[in-house]
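What follows is a set of notes on a single structure, which appears directly below.
No experiment lies behind these values; they were computed from the predicted model shown. A, B, ... follow the sequence lines: proteins, then strands. Residue 1 opens every chain.
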Amino acid sequence: MAQHLVTFHLDDPALGAHAPLRSVHVPTGMLLTEAARMAGVEIAQPCGGQGRCGRCAVHLTQGEVRRRSTLRLSAEDVAAGYALACQSVVEGDVSVTVPPQEKIERRLTTDRVVAEVEVPGGYDARTLQTIQRVSVSLTPPSLDDQTDDWSRLVTALRQQLDVEEVQVSLPLLRRIGQVLRETEWDVTAIVESNPQAPTARLQLLDLRPSEPPLYGLAIDIGTTTVSCWLVDLISGKVVAQVAEYNGQIARGEDVISRIIYASKNGNSAEMQALVIGTINSLIAAAGEKAKVDLQNVFKATIAGNSTMMHLLLDIPAASIRLAPFVTAINHVPPLKAFDLGLKINPEAVIDCVPGVASYVGADITAGVLSSGLGDDERLTLFMDVGTNGEIVLGNRDWLVTCACSAGPAFEGAGVINGMRATRGAIEEVWINGETLEPNYRVIGNAKPRGICGSGLIALLSEMFLTGLLDKGGNLNSSLMIVEEDDLHFAPPEKSAGSGVSLHGQTRRIRQGEHGLEYVVAWASETWHGKDIAITHVDVDNLLRAKAAIYAGYTVLAERVGVPLESVERFLIGGSFGKYINVEKAVQIGLLPDLPWEQFQFLGNTSVKGAYRVLLNHNERERITQIASRMTYIELSADNTFYEAFTSALFLPHTDLSKFPNVANALTKT
Amino acid sequence: MPIEIPKDKWPGSVKTITLGANSDGGTRTSVVTVGGEKALPFMHFEAETPYRPAVAIEIKDRKPDDWSTPLSEAWGDAMNDPAKWARAAEAAGADLILLTLSMTAVDGSPNTAENAVAAVKAVLGAVGLPLIVFGPGNAELDNALLVPVAEATKGERLVLGICEDKNYRTIVATAMANGHLVSARTAMDVNLAKQLNILISDMGLPLDRVLMDPTTGALGYGIEYGFSVMERLRMAALQGDAMTQLPMIVTIGAETWKTKEAKVGEGVPAAWGEWRERGINWETMTAITLLESGADIVVLRHPESVKRVKAAIADLMVAA
């Protein structure tokens, strides 16, 4: 097959003229994104290479490609030589300039104050922990006793512990003889016992000359963020908490995009490598922070949504997105660190938390466990808000669950000036009802670069209450100041640098490229020197996201015949949930109009659940029961969800009587 | 054995709305009142149906380029002059006239406010019936044409349309200022209809000056869905939901005469029957079906359909 030379120029201002050229020979028919990967050039593909987001646009400086789609490019862009890398088929030699790629900035959870994690009361490593240290003294072999090393060790372990069977891996078996002789037959065995196994069985994980400290990891793989806690298994204390963006983000921002990307030929191994790379860098960071030798990490408990678990294990995930939406596996058997290439003790036990369904995964069972929902007699609604909203309703007697696709709008995607909650994100907004001038707070006290989820919720609510938006989410064009050219009469007072007029109109509402928009920050205030505005398209996307979530929990409650008002506790998990302003979330109809004290924000309940499972074998048993107790309800099975969705596509809701406090607030303004 | 027919007693009722005015600036010789239902359509044994559904005939400010041949045959030369056309419509039995403004003039240039006002005035001068005026269906042009029309006809209680969720403010504002009514159109969905009524009422226009147009499909083109949405809207109204208690208007002619069955005379199976009769049947069947789902005003295009639909209404209005 014909080979073509593809040359990439990196347009990186930091490198200037020294920016390297990277060339690669590829066969006819290869996509530019694949060629870039071969050349080691990073091109972000937030939509997973479907040609929908336009973020992989590159500039062709020489040669041509076959464009499968130019959906996201204007005619001028195409004429100027721009092409979407994920839609460009190489059919000849070509030179490409790659614009600077959006750096995926890290915001470790340490950016905000990390609360000390409380060790569960009554934690006793000797009775609850599955990882144990056992000191054994063996009688050295002699001409009278020629028992083999392994039998000698097994016999000694059996004498100390009530076990029938001891298992060991081949790599460890190879080292046993040497360790026993070096320690003069006096060793510490690191073992994993499984108290749930019908016959007492031990797994030998390591042999040490002396007692090492024992560490474990609780990991949550989120679609957006991976969180990792390093835990001292003896005291139960969390010694380090780290978090970082999931390395797969560049291959799709939501689970569907990632499944599509991973389902393409050969990409699934790359997806696995990306998330394992993220986990390994987190493990290294945690180890360094707590000064822990990673060879002493003997166990990792991992939770995450079903797609993330499949991609972690490199198990085909395609069936998750196709009807009838089934996973390949919900209960993953125990694995070893070396199976996945995790950089901890290679014999360490990897325990994957069980999930329920394609869209209700291990992160949710972990959330149910850590929130205590399954043990409480009070009727509780638990919701994990992210790109997907997962909802669990019930108490200690029953649990039902559902998932709704909210879309990534609240995570900043699908909103023109949206961004993740990193430095430079506007996270809180207030608007003056008289002047319609906004005030905002930015993460890290930096110049604003965009608006994150909590900022978008606040913005929506403030715009609604000040009349900038009507209940349908339309920007109020009558508040727009018409420029002098269009006027038949003298313009209202206009002062430089301000959007205010005397007539309650504002220059901040204007006709932009995408229709009407409201300017939150003028170019002079922002990091990139461009206005930050929210457009009517953004508002529509946000309304759809909030309507999906509202419809999700109302329909779930309806299905089981429980009025929403009888829900006694409303628990919100997900790192997104941590920073939402309840009042504003109620005002836009994202959360129901219940007394505020009923809402509780729990942060990352998934990693908390993994932590409890890591420490306590009884919790492991309980989470398996929780997973099997949860009844999954498919919302798309009939049209009640759609009805609830369209009635929630309004501010705060078509039926205002469901939001009495918002109705009050509206009559006051 | 005597059989007792079970009767539903509904807590709510549809608002009564009068179109057209004969005083305070109004020059109509007849007005049309619709609404006021306290039961599902034609359930006379449950509650009186105070006003019979009205039939409007749709005309345009100039001869349309895309209307089906049976329609141009039926109206003939009258289509070249809105005043004549309106008189012909009145003669054909219209209770009221719907005048749809064209997107462009005959030469292809955009329609102007002057043209629109002249056409509306001509129709008002020609007939004494109440008038509904729809813009061409482009938000910007609708606003540019309807505002001068509303101002030039202050007090006539015209119905102005089409208000949609993304473009209702200007039309509602001018209707409020000039004593007119509005027609609010939404895609076929109960919630969307309700939402638009809320938005309009939030602007301060009393709901007894709003007609709702829930959109419908012609026979064979989604009429079941349209029927169901209208039926659910009406039941919500009767159950007491104030935001759905508005009379409903449906543009049946426009929907019907764009279907292949009504529009195409050649190259269709012989079993479809005679073209003209088929088109009229299509329009009549669609209208009568939707009257049963609660339509208060049906807008038709063919004079023969008007005759048949009016006869059907007369029959339906007789209590058994």
Structural part of Leu192(B) lying under 4.5 Å from a heavy atom of chain A: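 It is neither, since no heavy atom gets under 4.5 Å.
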Residue Met285(B) excluded, over 12 heavy atoms near CE under 6.0 Å: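 Count not over threshold, so no.
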Results of side chain to side chain contact (heavy atoms under 4.5 Å, CB included) for Pro563(A) - residues two or more places apart only: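 Scan of Pro563(A) (side chain to side chain contact (heavy atoms under 4.5 Å, CB included), adjacent residues dropped) gives Glu565(A), Ser566(A).
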Distance-only criterion, 3.5 Å: which donor-acceptor pairs connect chain A and chain B?
{"from": "Asp470(A)", "atom 1": "OD2", "to": "Tyr168(B)", "atom 2": "OH", "distance (Å)": "2.3"}
{"from": "Lys471(A)", "atom 1": "NZ", "to": "Asp202(B)", "atom 2": "OD1", "distance (Å)": "3.2"}
{"from": "Lys471(A)", "atom 1": "NZ", "to": "Asp202(B)", "atom 2": "OD2", "distance (Å)": "2.8"}
{"from": "Asn474(A)", "atom 1": "OD1", "to": "Lys166(B)", "atom 2": "NZ", "distance (Å)": "3.1"}
{"from": "Asn474(A)", "atom 1": "ND2", "to": "Asp165(B)", "atom 2": "O", "distance (Å)": "3.0"}
{"from": "Asn476(A)", "atom 1": "OD1", "to": "Arg169(B)", "atom 2": "NH1", "distance (Å)": "3.3"}
{"from": "Glu643(A)", "atom 1": "O", "to": "Asn191(B)", "atom 2": "ND2", "distance (Å)": "3.0"}
{"from": "Glu643(A)", "atom 1": "OE2", "to": "Arg232(B)", "atom 2": "NH1", "distance (Å)": "2.8"}
{"from": "Thr646(A)", "atom 1": "O", "to": "Gln195(B)", "atom 2": "NE2", "distance (Å)": "2.7"}
{"from": "Thr646(A)", "atom 1": "OG1", "to": "Asn191(B)", "atom 2": "ND2", "distance (Å)": "2.9"}
{"from": "Thr654(A)", "atom 1": "OG1", "to": "Gln195(B)", "atom 2": "NE2", "distance (Å)": "2.7"}

